[in-house]
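First the structure, in the form of structure tokens, and then the observations on it.
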Amino acid sequence: FNQAFRSVIPQSVAGSLSAPEFEAWGVGWDQKIGSSTYLGAQAQWLKADVHQEVGLFNFTPVPIATQTAGSTTERLDYDERTLLFPANQLVGNHAALGASYRLSQADLDQAFSGIPSPTGSELSSDVQAILHQVRLYALAYNSAGWFGQFDSVWSQQSNQGYSPDLPGDDFWQFNVHVGRRFFRRHAEV
């Protein structure tokens, strides 16, 4: 499980956050079938609750237009749940094939206390994104340390709750890796 994060809340949605606390939970199962097939299942839950002061300007248009600096509390509640199902197959002594499917659902509730919305309640938003990813790869290597890998990743994301509507995306990404391991597999280029 990847446990290295700056913040689990995407900066593209919430901006930069200073040292947010978060929780990460995960469970996994791996099974070897026969002598060269490996299957797995993983579940992960990421949660972050951030309460921070953000600056604002208060504008009073009458009787004389004035502007004063102030602040308000921003509350961010983020939940991300992920399921991952990998399958890997060794092909002989020098090759491997693999595939995985990942499903992630992320929810972000954002509210600003002290700033009224047009409906009179607290200014807030509740957005959600669902991500599907399929990864396919082929890896070959030899005893001299040379290796090559080709992988492709299909990603499809849908978004809900944005105003105006934020369309999702659907695309393939292809990667090629070539390199060499040396010093008894302690280094790689």
Side-chain angles (χ1 to χ4, degrees), residues 1-31 39-61 66-87 98-137 151-173 175:
F1 299 104
N2 179 2
Q3 299 296 324
F5 303 100
R6 288 187 199 165
S7 170
V8 297
I9 302 174
Q11 289 186 3
S12 62
V13 176
S16 181
L17 302 172
S18 178
E21 292 184 17
F22 60 88
E23 296 178 41
W25 298 85
V27 62
W29 167 80
D30 292 310
Q31 181 68 46
L39 301 176
Q42 295 178 9
Q44 185 175 41
W45 179 42
L46 303 174
K47 181 171 179 49
D49 294 321
V50 175
H51 299 252
Q52 64 181 1
E53 290 293 312
V54 293
L56 55 81
F57 287 104
N58 296 311
F59 179 73
T60 308
T66 59
Q67 185 173 311
T68 58
S71 68
T72 188
T73 301
E74 177 185 28
R75 189 187 80 245
L76 299 166
D77 296 325
Y78 180 80
D79 282 305
E80 181 180 324
R81 293 162 299 282
T82 302
L83 295 173
L84 176 67
F85 301 99
S100 66
Y101 171 71
R102 176 183 176 195
L103 172 63
S104 291
Q105 179 180 358
D107 294 300
L108 176 64
D109 296 328
Q110 180 179 29
F112 293 92
S113 64
I115 301 177
S117 72
T119 62
S121 62
E122 182 178 74
L123 181 63
S124 64
S125 67
D126 181 9
V127 295
Q128 182 183 80
I130 297 174
L131 174 68
H132 299 271
Q133 281 189 321
V134 174
R135 179 176 179 255
L136 308 170
Y137 80 90
D151 68 23
S152 59
V153 180
W154 170 74
S155 299
Q156 188 269 327
Q157 179 172 319
S158 61
N159 305 304
Q160 289 119 19
Y162 289 90
S163 180
D165 187 37
L166 183 62
D169 208 352
D170 179 355
F171 62 92
W172 281 94
Q173 176 180 328
N175 304 300

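Residue numbers start at 1 and run along the sequence shown.
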Going by side chain to side chain donor-acceptor pair (under 3.5 Å), name the residues that satisfy it together with [X], two or more places apart in sequence or in a different chain.
X: Asp30; value: none
X: Asp107; value: Arg81, Gln128
X: Ser125; value: none

Which value, rounded to the nearest 0.5 Å, describes the distance between [X] atom [atom1] and [Y] atom [atom2]?
X: Arg135; Y: Asn175; atom1: CZ; atom2: CG; result: 8.5 Å
X: Asp165; Y: Gln160; atom1: CG; atom2: CD; result: 9.5 Å
X: Leu76; Y: Gln52; atom1: CG; atom2: CD; result: 6.0 Å
X: Asp126; Y: Tyr162; atom1: CG; atom2: OH; result: 10.0 Å
X: Ser100; Y: Leu136; atom1: OG; atom2: CG; result: 8.0 Å
X: Gln105; Y: Ile130; atom1: CD; atom2: CD1; result: 5.0 Å

Nearest heavy atoms of Pro86 and Ala41, plus distance in Å
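Closest heavy-atom pair between Pro86 and Ala41: CD-N, 4.1 Å.
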For Phe57 and Ala69, which heavy atoms make the closest approach, and how far apart are they?
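Between these two residues, the closest heavy atoms are CD2-CA, 4.1 Å.
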Among residues two or more places apart or on two chains, list those pairs meeting salt bridge (charged side-chain N to carboxylate O under 4.0 Å, His left out) that have a residue in residues 40-56.
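Checked against salt bridge (charged side-chain N to carboxylate O under 4.0 Å, His left out) - neighbours excluded - the pairs reaching residues 40-56 are Lys47-Asp49, Lys47-Asp79.
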Any pair counted as salt bridge (charged side-chain N to carboxylate O under 4.0 Å, His left out), so long as it reaches residues 10-27, sequence neighbours left out:
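Salt bridge (charged side-chain N to carboxylate O under 4.0 Å, His left out) check on residues 10-27 returns no pairs.
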Taking the six-membered ring for Trp, are Phe85 and Tyr101 parallel (under 30°), tilted (30 to 60°) or perpendicular (over 60°)?
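Parallel: the ring planes of Phe85 and Tyr101 meet at under 30°.
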Side chain to side chain contact (heavy atoms under 4.5 Å, CB included) with Ser104: which residues, sequence neighbours excluded?
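Glu80, Thr82, Arg102, Leu131.
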Are the side chains of Val153 and Ser155 in touch, meaning some heavy atoms are under 4.5 Å apart?
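Yes, close enough: below the 4.5 Å cut-off.
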Side chain Asn159, main chain Pro167, donor-acceptor under 3.5 Å
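Pair found, side chain donor or acceptor close to backbone of Pro167.
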